Novice: 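Below are the structure tokens for one structure; questions will follow.
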Amino acid sequence: MTEQGVIERYCRQFADVKDVSFGQLANGFGFIEIDSPQCSGKVYLQGAHLAEFRRKTSAKPLLFLSQQAWLEDGKPIRGGVPICFPWFGGRSDAPHLPAHGTARITPWKLRAIENASNGLRLTFQWQSDGWALVYSLVLGDQLQLELEVTNASFQKQTFEAALHTYFLIADSSKAFLTGLEKATYLDQLTGKDCDAEERAIEFREETDRIYAGTHAQIVLEDPVWKRRIVICPKGSQSTVVWNPWIAKSQRMPDFGDEEYHGMCCVETANVRRQSVTLGPGERTLMSVAIREEFSEG
Ligand code: TA6
């Protein structure tokens, strides 16, 4: 249960902030709603989880959220932008630990809401296991997400992180990704390292790949809705691309059997061989700017 007190405190603390309201689901799961001239959005306090985002001039929401998503304490939310930290995927050395780490299934503290030049900036913080994270989201005509990680312990530590972004698309069999043509990748389904394909990424089967290397710009082309989603990562050495396709969709209780048609994940990350090691007190930043372009006609 998100403490009732937390929501009431935020309501008082941010009473003068325009375009923002706080609420709780019937089960107490707390959230912040944004409704500004540029965009609307919804962020759950658990995981500082951006679950919904729609630019006011866009015909469609930017992010996918499963119709069957769990919205309850301690459970991951299937959609939006889960923050995977301090590890990515399952832990083979500790299989009892939650997939994708603890940050996405524990409460974050809302530290500030400010009017930035490019939108409303929400800043959250989270501390655990010798890590101190500051996550800021700017919701405006574009979406900007920035994760700052500090090693708050007295010894060297290594982490993996991913902004596990679920994008809403019309038809995954017609959408395609450009910008990764020259990147090698680890196929998570086979465990094999693969050469660059030198062509756009299309979805015809379960696709679960970790692309290595820095990428200036990745574009998710959605020809049906005539939308280009332009993804500009910084401080990210990995990009994860995922569509569960048929069989995996049927195995996920919090995901509809047919929902793979309308989504794909393009994740700004530092994972596996691109995990990050920080000395005591060291910090690092990973961010992504996401904008939409609609073609006429
Ligand atoms: O990012 C791709 C991936 O690692 C897939 O292997 C799949 O497991 C997906 O994440 C979802 O993970 P989750 O723990 O949210 O079900």
Side-chain angles (χ1 to χ4, degrees), residues 1-3 27-30 43-51 65-66 68-109 124-135 145 147-166 186-191 206 208-210 212 236-242 244 247-255 265 267-280 282-284 286:
M1 164 78 81
T2 306
E3 302 116 56
N27 64 2
F29 208 50
V43 183
Y44 287 99
L45 299 182
Q46 175 182 283
H49 193 124
L50 178 66
L65 182 68
S66 172
Q68 299 177 188
W70 297 317
L71 297 171
E72 49 191 281
D73 286 358
K75 288 193 165 185
I77 300 171
R78 180 72 60 195
V81 186
I83 300 173
C84 304
F85 185 91
W87 62 83
F88 181 79
R91 284 280 300 269
S92 53
D93 62 326
H96 63 287
L97 292 177
H100 290 323
T102 49
R104 68 172 179 169
I105 54 173
T106 49
W108 288 53
K109 285 191 178 63
F124 289 85
Q125 63 185 38
W126 182 84
Q127 291 180 334
S128 178
D129 302 321
W131 295 109
L133 274 57
V134 176
Y135 180 51
L145 307 173
L147 183 67
E148 177 193 272
V149 179
T150 300
N151 177 359
S153 77
F154 297 102
Q155 64 273 336
K156 195 164 65 166
Q157 291 199 108
T158 298
F159 71 88
E160 294 177 300
L163 299 175
H164 193 300
T165 310
Y166 287 73
L186 166 66
D187 185 328
Q188 289 220 90
L189 302 173
T190 63
E206 182 177 356
D208 193 348
R209 299 175 175 181
I210 300 175
S236 154
Q237 295 302 316
S238 321
T239 300
V240 185
V241 175
W242 180 56
K248 177 113 186 191
S249 296
Q250 292 166 352
R251 294 198 300 270
M252 295 190 287
D254 59 338
F255 190 83
C265 286
E267 306 162 36
T268 301
N270 284 305
V271 299
R272 302 294 184 270
R273 297 188 192 100
Q274 289 84 35
S275 60
V276 178
T277 298
L278 296 178
E282 288 184 335
R283 73 180 50 174
T284 184
M286 179 176 79

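Keep in mind that what you see is a predicted model, and the values were worked out from it rather than measured. The first residue of the sequence shown is numbered 1, and numbering continues consecutively from there.
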Novice: Who pairs with T190 by side chain to side chain contact (heavy atoms under 4.5 Å, CB included), at least two apart in sequence or on another chain?
Specialist: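 Checked T190 against side chain to side chain contact (heavy atoms under 4.5 Å, CB included); matches are D187, K192.
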
Novice: Can you tell me how far CD of E72 sits from CG of D254, rounded to the nearest 0.5 angstrom?
Specialist: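 Atom-to-atom, D254:CG and E72:CD are 10.0 Å apart.
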
Novice: Rounded to the nearest 0.5 Å, what's the gap from CD1 on I210 to CD on Q274? Could you check?
Specialist: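 Separation between the atoms: 8.0 Å.
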
Novice: Would you find a donor on one side and an acceptor on the other, under 3.5 Å apart, between the side chain of T277 and the backbone of T158?
Specialist: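 Side chain of T277 to backbone of T158: no pair is present.
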
Novice: Between L65 and Y166, is there a side-chain heavy-atom distance shorter than 4.5 Å?
Specialist: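 Answer no - side chains too far apart.
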
Novice: Flag the pair Q68 / R78 as yes when at least one side-chain heavy-atom distance between them is below 4.5 Å, and no otherwise.
Specialist: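 They are not in contact (no side-chain heavy atoms under 4.5 Å apart), so the answer is no.
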
Novice: State whether the side chain of W126 and the backbone N or O of R104 hold a donor-acceptor pair below 3.5 Å, judged by distance alone.
Specialist: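 The answer is no, because no donor-acceptor pair under 3.5 Å joins these two groups.
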
Novice: Between V276 and V149, does a side chain to side chain contact (heavy atoms under 4.5 Å, CB included) hold up when you go through it step by step?
Specialist: CA-CA 10 Å; V276 178; V149 179; over 6 Å; no

Novice: So, do F159 and T284 sit near enough that their side-chain heavy atoms are less than 4.5 Å apart?
Specialist: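 F159 vs T284: side chains touch.
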
Novice: Find out whether L163 and Y135 are in side-chain contact, i.e. whether some heavy atom of one side chain is under 4.5 Å from a heavy atom of the other.
Specialist: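 Yes. Closest side-chain heavy atoms under 4.5 Å.
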
Novice: Please enumerate all residues that pass ring-ring contact (aromatic ring centres under 6.0 Å, His included) together with F255, with sequence neighbours excluded.
Specialist: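 Partners of F255 by the ring-ring contact (aromatic ring centres under 6.0 Å, His included) criterion, ordered by chain and then number, come out as F64.
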
Novice: For L189, does its backbone N or O pair with a side-chain atom of D208 as donor and acceptor, under 3.5 Å?
Specialist: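 Between the backbone of L189 and the side chain of D208 there is no qualifying donor-acceptor contact (under 3.5 Å).
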
Novice: Could you pull out the closest heavy-atom pair between P253 and W70, with the gap in Å?
Specialist: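 The answer is CG-CZ2, 3.7 Å.
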
Novice: To the nearest 0.5 angstrom, please state how far the CD1 atom of I105 sits from the CD atom of Q46.
Specialist: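 So the CD1 of I105 and the CD of Q46 are separated by 7.0 Å.
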
Novice: Distance check, rounded to the nearest 0.5 Å: W242 atom CH2 versus E206 atom CD?
Specialist: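 Here the rounded value is 8.0 Å.
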
Novice: Would the number of heavy atoms belonging to other residues, nucleotides or ligands and lying under 6.0 Å from CZ of R273 be above 12?
Specialist: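 No - once you tally the heavy atoms of other residues, nucleotides and ligands closer than 6.0 Å, there are 12 at most.
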
Novice: For A152 versus A132, what's the shortest heavy-atom pair and its separation?
Specialist: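 Answer, listing the atom of A152 first, then A132: CB-CB, 4.2 Å.
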
Novice: Roughly how far apart are C84 SG and N270 CG, rounded to 0.5 Å?
Specialist: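 Between atom SG of C84 and atom CG of N270 there are 12.5 Å.
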
Novice: Who pairs with E160 by side chain to side chain contact (heavy atoms under 4.5 Å, CB included), at least two apart in sequence or on another chain?
Specialist: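 E160 satisfies side chain to side chain contact (heavy atoms under 4.5 Å, CB included) with W87, F88, V271, R272, S275 only.
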
Novice: Show your working on side chain to side chain contact (heavy atoms under 4.5 Å, CB included) between T165 and T268 and close with a plain yes or no.
Specialist: CA-CA 8 Å; T165 310; T268 301; 5.7 Å; no

Novice: Report yes if some heavy atom in the side chain of M252 is under 4.5 Å from a heavy atom in the side chain of P244; otherwise report no.
Specialist: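 Yes, their side chains come closer than 4.5 Å.
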
Novice: Tell me the closest heavy-atom pair linking E267 and A162, and the distance in Å.
Specialist: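 Heavy atoms of E267 and A162 come nearest at OE1-CB, 4.4 Å.
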
Novice: Could you go through the side chain to side chain contact (heavy atoms under 4.5 Å, CB included) check for E148 and T150 one step at a time?
Specialist: CA-CA 7 Å; E148 177 193 272; T150 300; 4.0 Å; yes

Novice: Without swapping roles, check the side chain of H164 against the backbone of I83 for a donor-acceptor pair under 3.5 Å.
Specialist: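 Not a single qualifying donor-acceptor pair exists.
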
Novice: If I take atom CH2 from residue W131 and atom CG from residue L278, how far apart are they, to the nearest 0.5 angstrom?
Specialist: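 Rounded to the nearest 0.5 Å, the CH2-CG separation comes out at 5.0 Å.
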
Novice: Are any of the side-chain heavy atoms of F29 and I77 separated by less than 4.5 Å?
Specialist: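 When only atoms from C-beta onward are counted, I77 and F29 do touch, with a gap below 4.5 Å.
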
Novice: Where do A48 and W108 come nearest, in terms of heavy atoms and distance?
Specialist: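 Result for this residue pair: N-CD1, 3.6 Å.
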
Novice: Show the numbers, then the answer: is there a side chain to side chain contact (heavy atoms under 4.5 Å, CB included) between F124 and L45?
Specialist: CA-CA 9 Å; F124 289 85; L45 299 182; 4.2 Å; yes

